[in-house]
Amino acid sequence: MSDKRLASAQSLDCAGRLIDLSFPHVMGVLNVTPDSFSDGGQFNASLDDALRRAEAMVAEGASFIDVGGESTRPGAVEVSVSEELDRVIPVVEALSQRVDAVISVDTSKAAVIEESVRAGAGLINDVRALQEPGALDAAAESSVPVCLMHMQGKPKDMQKAPQYERVIDEVLAFLQARIAACETAGIERSRIVVDPGFGFGKSPGHNLTLLNCLDEFQGLGLPILAGLSRKSLLGQITGRPVDQRLIASVAAATLAVYRGARIIRAHDVAATLDAVKVAQATIRETLDE
Ligand code: 7PM
């Protein structure tokens, strides 16, 4: 076994819940949509629904539930702090008490980071890698791990004309700079997860290079998270619409784990977990773990 692989075999302390990274984990996606929380009655119905969906994903084997209140969809408009807090915090409060998994919050805002951790979140997943005002300090003061993701441009226009000289080098350099910024702010390396950000300001070719060369990120010595589930790259490869990308998503998850990813962010947890187990057993050449 390579030294690099040993170096990244560690564990993450997510608000007291230990995640053993010697084997890969699935992070289930839970979107909390804008219109679902419009009035009192709807609010409770949506909260119940979110709880049920989260419990189902945990029953399928998810180690993390990623709660997202801001759409980072290409072309999406930004949401206000108060709106994002209203969407996310009640869900985090309910889930962290009732669901047997780490609650991750997909946010870039300092106030949402602070309130989420207070409400029981065990991981901050930031597609903007803690570059928003106050986010770095908010994350440093919380004691939970952070996922730093690479994005070129902003969600509004990131898919218009993604350009790189060498995509791997540029994404690596960005992540190294953000890791350094985290360390300066007081976030130790043992609290950092990295993510190349599939689909965030990348052409199909860029995404495929990142997937095929994902093992180069192992040199950072930090756990790698990959999110490819249902993404447009898979639509471009297979010609299928978003609701028919399960098989392609599972294939991509397998490849990502084979190239070193330790956490796979996915909508379809049971299928994804089977796939990552196949990749893991192949890497280890054993059924142990
Ligand atoms: C539309 C397009 C809606 C893309 C939602 C998305 C990632 C993430 C997302 C990822 C990490 C999705 C994305 N993707 N966080 N949040 N890594 N760390 O497909 O790849 O869910 S949102």
Side-chain angles (χ1 to χ4, degrees), residues 12 14 24-34 53 57 62-79 84 87-88 102-109 112-113 116 121-132 135 139 144-160 162 171 174-175 178 192-202 204 206-208 210-211 214 217 222-236 241-243 245-246 248-250 252-253 255-257 261-269 272:
L12 272 184
C14 300
H25 295 266
V26 176
M27 169 184 276
V29 179
L30 184 68
N31 285 316
V32 290
T33 58
R53 279 181 291 142
M57 290 194 282
S63 304
F64 300 85
I65 299 295
D66 192 38
V67 179
E70 183 214 10
S71 178
T72 39
R73 192 181 307 277
V77 289
E78 290 176 16
V79 296
E84 200 180 320
R87 289 180 195 175
V88 166
V102 173
I103 307 308
S104 158
V105 177
D106 199 333
T107 190
S108 300
K109 297 184 178 73
V112 180
I113 293 172
S116 295
L123 183 117
I124 298 299
N125 173 28
D126 185 5
V127 300
R128 294 178 186 79
L130 304 175
Q131 293 178 102
E132 292 294 299
V144 306
V146 296
C147 177
L148 305 174
M149 197 197 80
H150 173 272
M151 165 162 50
Q152 183 180 85
K154 300 207 155 128
K156 207 162 112 67
D157 54 15
M158 64 187 176
Q159 288 306 102
K160 281 190 183 150
V171 173
F174 171 83
L175 292 173
R178 296 313 299 157
I192 304 175
V193 174
V194 292
D195 181 345
F198 290 104
F200 286 85
K202 280 116 189 160
H206 298 140
N207 286 312
L208 290 166
L210 286 166
L211 181 55
L214 195 64
F217 290 82
L222 300 176
I224 300 166
L225 185 151
L228 287 142
S229 184
R230 302 183 185 174
K231 283 190 177 170
S232 66
L233 166 69
L234 305 176
Q236 288 155 330
V242 67
D243 62 340
R245 295 180 190 159
L246 169 64
S249 297
V250 166
L255 294 167
V257 170
R262 296 281 88 185
I263 305 172
I264 299 294
R265 186 177 177 280
H267 300 83
D268 304 282
V269 173
T272 306

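Both ligands and their constituent atoms are indexed starting at 1 by order of listing. Along the sequence shown, residues carry numbers from 1.
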Chemist: Taking the side chain as C-beta and beyond, is there a heavy-atom pair between K202 and L210 under 4.5 Å?
Modeler: yes

Chemist: Just jot down the ligand 1 atoms closer than 4.0 angstrom to any heavy atom of M149, in number order.
Modeler: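 The list of qualifying atoms is 10 (C), 11 (C), 17 (N).
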
Chemist: Could you see which bit of K231 sits under 4.0 Å from ligand 1, with heavy atoms only: side chain, backbone, both or neither?
Modeler: side chain

Chemist: What part of D66, side chain from CB on, backbone N/CA/C/O, both or neither, has a heavy atom under 4.0 Å from ligand 1?
Modeler: neither

Chemist: So is there a nitrogen or oxygen of H267 less than 3.5 Å from a nitrogen or oxygen in ligand 1?
Modeler: no

Chemist: D106 versus ligand 1: do any nitrogen or oxygen atoms come within less than 3.5 Å of each other?
Modeler: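 Such a contact does occur with ligand 1.
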
Chemist: If the test is side-chain contact (heavy atoms from CB on, under 4.5 Å), which one of V29, I103, V102 qualifies with I65?
Modeler: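 It is I103, the one option of V29, I103, V102 that forms the side-chain contact (heavy atoms from CB on, under 4.5 Å) with I65.
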
Chemist: When you check the gap from the basic side-chain N to the acidic O, do D106 and R265 get nearer than 4.0 Å?
Modeler: yes

Chemist: Working note: N125 + S104, criterion side-chain hydrogen bond (donor to acceptor under 3.5 Å, both in side chains); need CA distance, chi angles, decisive distance, verdict.
Modeler: CA-CA 6 Å; N125 173 28; S104 158; 4.7 Å; no

Chemist: Run the numbers for me: atoms of ligand 1, each under 4.0 Å from some heavy atom of N125, listed by number.
Modeler: 11 (C), 15 (N), 18 (N)

Chemist: State which residue, out of E84, E132, E70, R128, fulfils the side-chain hydrogen bond (donor to acceptor under 3.5 Å, both in side chains) condition with T107.
Modeler: E84

Chemist: Is it true that R230 and D243 have a side-chain N and a carboxylate O under 4.0 angstrom from each other?
Modeler: no

Chemist: List every atom of ligand 1 that sits less than 4.0 Å from any heavy atom of V127, numbering the atoms from 1 in the order shown and giving each element.
Modeler: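 Numbered from 1, ligand 1 contributes 8 (C), 15 (N), 16 (N).
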
Chemist: Is V29 near ligand 1, meaning one of its heavy atoms is under 4.0 Å from it?
Modeler: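 No heavy atom of V29 comes that close to ligand 1.
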
Chemist: To the closest 0.5 Å, what do you measure between CG (L208) and CG (L233)?
Modeler: 5.0 Å

Chemist: Any atoms of ligand 1 less than 4.0 Å from a non-hydrogen atom of G227? List them with their elements.
Modeler: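 Answer for ligand 1: 20 (O).
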
